[in-house]
Each structure stands twice: as C-alpha cells, then as structure tokens.
Engineer: 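Pasting a structure below so you can have a look.
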Amino acid sequence: MTAKQPSPRIAPLSPPYAPGIEEQLRKWMPPGAAVEPLALFRTLAIHEELFGRMRPLGAGILGHGRVPPRDREIVIHRVCARAGAEYEWGVHAVVQAPEVGLTAEQTDAAASGTADDPVWSPQDAVLVRLADELHDTADISDDLWPELTARYRDDQILELVTIAGWYRLLSSVLNAARTPHEPWARRFPVRTA
C-alpha cells in the first residue's frame, strides 16, 4: 500500500518546455530514455541557471568517478535514506542498484538497517558507517579514517565525501520541494518490529 503523497510545494515543470529547458532536460536524462524527464530535474529546471551549473557535478559523480560504482551506490542509498529522501533512494533502487550488483536485501538494508547488518561485507559496512558519520557529524571519525585509507586513495575519499554531500543536497531539495515520486520508483521498505 502506498502512502498518500502530499502536494508538491514547488511543482516540477510540465511540457511544453521552453527550448533551453528542453535541451538541458535531455542532457540530464540518459540518451534515448523512454520516460519523461525525472521530476527532480523538472523541479531543478525552475532555476535555469542553477540547473545548468548543477549538471556537471551530478554527471561527473555518476559517470566519471574514481570510486567503484557499487561503492558509490552504497553511499548514495544510505545518504538518501538517512535524509528521508525516499524519492532519490527509490530511483536509485530501481535504476542503479541492479546495474552495480546491489541486491534487494542490501538496498533495503541501506534504508532501514545498520552497518552491522549481515547483508554487508566488512568493506561495505565501512561505506555505511561513512555515510552515517557524515550525516550525523559532517566529519569522519579518527576510528573510521584508517579503515578508509586502507582501501581508498585520498582522491577517492574526497569523492566519497563529495558524493555524500551532493546527495544530501539533492535530498534537501527533494524533501523541501515535496517533489512527487516517480510512479515506477521504489518506496522505502516497511520496517517490521
């Protein structure tokens, strides 16, 4: 059963789009995408200049990163879940999670589990802890730092922190605007006692 969604505070743009906006929306979507541009993108497009400036970082994180895609997705899923951004978590759960080999159990654990959840390897648990620490403190503890440096170079750690910050920003936009969910995206798993 799906919870009733509140009305958007900032309604996403609807077609027909102004020519400049339509061109930018096409750039944000994968080539040949068979779905309407995402509501997130259509919401960001309300501020055309900001929208254009945001795309290079977002595209760089998803398409040109130095962090393995699976590791990136664990951080994204956890950050979005901790921020309560069901929209973004749900889109990534459907599109990116299967592409990088995350199981449904791992995707659900990112939303409602802990770093100690048995679905996580010790290496995956480090990423969940990283997302949690950045969410809670905007910092990385001295306990976690050596575990990160044992596996990642400095440039990769910077990227992981940037990924967490970028998706926290998107989570804030989505939550504040009350962006409507994509009809095909997942919803957070129902927590059981």
Side-chain angles (χ1 to χ4, degrees), residues 8-10 12-13 21 24-30 33 37-100 102 106-107 110-111 115 124 126-141 144-145 148-149 151-182 185-186 188:
R9 288 178 174 161
I10 300 173
L13 296 178
I21 295 295
Q24 283 196 59
L25 285 169
R26 277 197 308 270
K27 288 180 181 178
W28 278 75
M29 293 296 290
L38 297 180
L40 167 61
F41 303 156
R42 293 183 290 119
T43 301
L44 293 173
I46 289 169
H47 190 309
E48 187 174 353
E49 185 177 339
L50 184 62
F51 183 53
R53 290 180 182 182
M54 292 175 78
R55 185 182 166 280
L57 180 56
I61 286 171
L62 288 180
H64 308 287
R66 297 178 182 180
V67 172
R70 186 177 180 283
D71 296 5
R72 173 199 73 216
E73 285 304 314
I74 291 170
V75 171
I76 290 171
H77 279 83
R78 186 62 172 188
V79 165
C80 292
R82 286 294 311 274
E86 185 178 45
Y87 174 102
E88 193 69 7
W89 178 91
V91 167
H92 278 260
V94 169
V95 178
Q96 283 85 6
E99 289 179 356
V100 301
L102 287 176
Q106 290 168 326
T107 304
D124 293 343
V126 167
L127 295 166
V128 174
R129 288 174 49 214
L130 171 66
D132 286 349
E133 286 191 9
L134 290 171
H135 178 84
D136 293 340
T137 68
D139 197 1
I140 300 170
S141 69
L144 182 57
W145 188 259
L148 288 168
T149 59
R151 183 169 173 200
Y152 299 103
R153 301 181 314 262
D154 287 350
D155 62 319
Q156 291 176 308
I157 294 171
L158 284 171
E159 185 173 315
L160 286 165
V161 172
T162 301
I163 289 166
W166 174 252
Y167 280 88
R168 180 64 184 249
L169 166 69
L170 292 179
S171 295
S172 297
V173 169
L174 289 160
N175 291 344
R178 303 284 192 269
T179 304
H181 291 277
E182 302 298 339
R186 283 205 48 211
F188 281 145

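Please read these numbers as outputs of a predicted model, since none were measured by experiment.
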Engineer: Has the side chain of Glu88 got a donor or acceptor atom that lies under 3.5 Å from a matching backbone atom of Cys80?
Structural biologist: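 Here the side-chain-to-backbone pair does not exist.
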Engineer: Would you sort out whether Leu170 and Thr179 count as a side chain to side chain contact (heavy atoms under 4.5 Å, CB included), showing the intermediate values?
Structural biologist: CA-CA 11 Å; Leu170 292 179; Thr179 304; over 6 Å; no
Engineer: Could you go step by step and tell me if Leu134 and Val161 meet the side chain to side chain contact (heavy atoms under 4.5 Å, CB included) rule?
Structural biologist: CA-CA 8 Å; Leu134 290 171; Val161 172; 4.2 Å; yes
Engineer: If you compare all heavy atoms of Asp136 against all heavy atoms of Arg82, which two are closest, and at what distance to 0.1 Å?
Structural biologist: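 Taking every non-hydrogen atom into account, OD1-NH2, 2.5 Å.
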Engineer: Indicate the atoms forming the closest heavy-atom contact of Ala81 with Ala111, along with that distance.
Structural biologist: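 Nearest heavy atoms, Ala81 then Ala111: CB-CA, 3.5 Å.
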Engineer: Under the side chain to side chain donor-acceptor pair (under 3.5 Å) rule, collect the residues that match up with Arg168, sequence neighbours excluded.
Structural biologist: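 Result, side chain to side chain donor-acceptor pair (under 3.5 Å) vs Arg168: His135.
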Engineer: Please report the closest heavy-atom contact between Leu13 and Arg42, naming both atoms and the distance.
Structural biologist: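 The pair with the smallest heavy-atom distance is O-NH1, 2.8 Å.
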Engineer: Hey, could you give me each pair passing side chain to side chain donor-acceptor pair (under 3.5 Å) that has a residue in residues 48-57? Not counting sequence neighbours.
Structural biologist: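 Matches after skipping sequence neighbours: Glu49-Arg53.
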Engineer: Looking at Asn175 and Ala83, would you say the former's side chain and the latter's main chain have a donor-acceptor pair under 3.5 Å?
Structural biologist: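 Indeed, once roles are kept as given, a pair shorter than 3.5 Å links the two residues.
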Engineer: Measuring from Tyr152:OH to Leu158:CG, what's the distance to the nearest 0.5 Å?
Structural biologist: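 Nearest 0.5 Å value for the OH-CG distance: 14.0 Å.
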Engineer: Give the C-alpha distance, both sets of side-chain angles, the deciding distance and a yes or no for side chain to side chain contact (heavy atoms under 4.5 Å, CB included) between Trp89 and Thr107.
Structural biologist: CA-CA 9 Å; Trp89 178 91; Thr107 304; 3.5 Å; yes
Engineer: Which pair of non-hydrogen atoms, one from Gln106 and one from Asp124, has the smallest distance, and what is that distance?
Structural biologist: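 So the two residues come closest at NE2-OD2, 4.0 Å.
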Engineer: How close do Met29 and Leu38 get, counting heavy atoms only, and between which atoms?
Structural biologist: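 Closest pair (atom of Met29, atom of Leu38, distance): SD-N, 3.6 Å.
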Engineer: Would you confirm whether Arg9, through its side chain, and Ala176, through its main-chain N or O, come within 3.5 Å as a donor-acceptor pair?
Structural biologist: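 Side chain of Arg9 to backbone of Ala176: a pair is present.
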Engineer: Flag yes if more than 12 heavy atoms outside Arg151 fall under 6.0 Å of its CZ atom; otherwise flag no.
Structural biologist: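 Yes, enclosed.
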Engineer: Got a second to check how far Ile46's CD1 is from Phe51's CZ, nearest 0.5 Å?
Structural biologist: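 The distance works out to 10.5 Å.
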Engineer: Quick one: list whatever passes side chain to side chain donor-acceptor pair (under 3.5 Å) with Arg153, sequence neighbours left out.
Structural biologist: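 Result, side chain to side chain donor-acceptor pair (under 3.5 Å) vs Arg153: Asp155.
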Engineer: Excluding sequence neighbours, so at least two apart, what forms side chain to side chain donor-acceptor pair (under 3.5 Å) with Gln24?
Structural biologist: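 Residues passing side chain to side chain donor-acceptor pair (under 3.5 Å) with Gln24: none at all.
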Engineer: Measuring from Met54:CE to Leu44:CG, what's the distance to the nearest 0.5 Å?
Structural biologist: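 That separation rounds to 4.5 Å.
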Engineer: Would you please name every residue forming a side chain to side chain contact (heavy atoms under 4.5 Å, CB included) with Leu144, sequence neighbours left out?
Structural biologist: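 If we apply the side chain to side chain contact (heavy atoms under 4.5 Å, CB included) test to Leu144, skipping adjacent residues, the hits are Val126, Arg129, Leu130, Glu133, Ile140, Ser141, Glu147, Leu148.
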Engineer: Would you say Glu73's side chain and Ala97's backbone share a donor-acceptor pair under 3.5 angstrom?
Structural biologist: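 Not at all, since once roles are kept as given, no pair shorter than 3.5 Å links the two residues.
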Engineer: Enter the distance from His47:NE2 to Ile10:CD1 here, rounded to the nearest 0.5 Å.
Structural biologist: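 If we round to the nearest 0.5 Å, His47:NE2 and Ile10:CD1 are 11.0 Å apart.
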Engineer: Counting only heavy atoms not in Asp154, do more than 12 sit closer than 6.0 Å to its CG atom?
Structural biologist: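 Counting neighbours around CG of Asp154, 12 or fewer heavy atoms of other residues, nucleotides or ligands fall under 6.0 Å, so no.
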Engineer: I'd like to know if the side chain of Tyr87 and the backbone of Ala39 have a donor-acceptor N/O pair within less than 3.5 Å.
Structural biologist: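 It does hold such a pair.
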Engineer: Please give me the minimum heavy-atom distance between Thr43 and Pro12, naming the atom from each residue.
Structural biologist: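 Heavy atoms only, the tightest pair is OG1-CG, 3.4 Å.
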Engineer: Would you give the length of the straight line joining atom CD1 of Ile61 to atom CD1 of Ile163, rounded to the nearest 0.5 angstrom?
Structural biologist: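 The distance works out to 6.0 Å.
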Engineer: Which residues pass the side chain to side chain donor-acceptor pair (under 3.5 Å) test with Arg26, sequence neighbours left out?
Structural biologist: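 Once residues adjacent in sequence are excluded, Arg26 has no partner under the side chain to side chain donor-acceptor pair (under 3.5 Å) criterion.
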Engineer: So, do Trp145 and Ile157 sit near enough that their side-chain heavy atoms are less than 4.5 Å apart?
Structural biologist: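 Trp145 vs Ile157: side chains touch.
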Engineer: For the atom pair CZ (Phe41) and CD1 (Ile21), what is the distance rounded to the nearest 0.5 Å?
Structural biologist: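 One gets 13.5 Å once the value is rounded to the nearest 0.5 Å.
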Engineer: So, does Arg78 use its side chain to make a donor-acceptor pair with the main chain of Asp132 at under 3.5 Å?
Structural biologist: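 No: the side chain of Arg78 does not pair with the backbone of Asp132.
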Engineer: Determine, stepwise, if the pair Ile74 / Leu102 fulfils side chain to side chain contact (heavy atoms under 4.5 Å, CB included).
Structural biologist: CA-CA 8 Å; Ile74 291 170; Leu102 287 176; 3.8 Å; yes
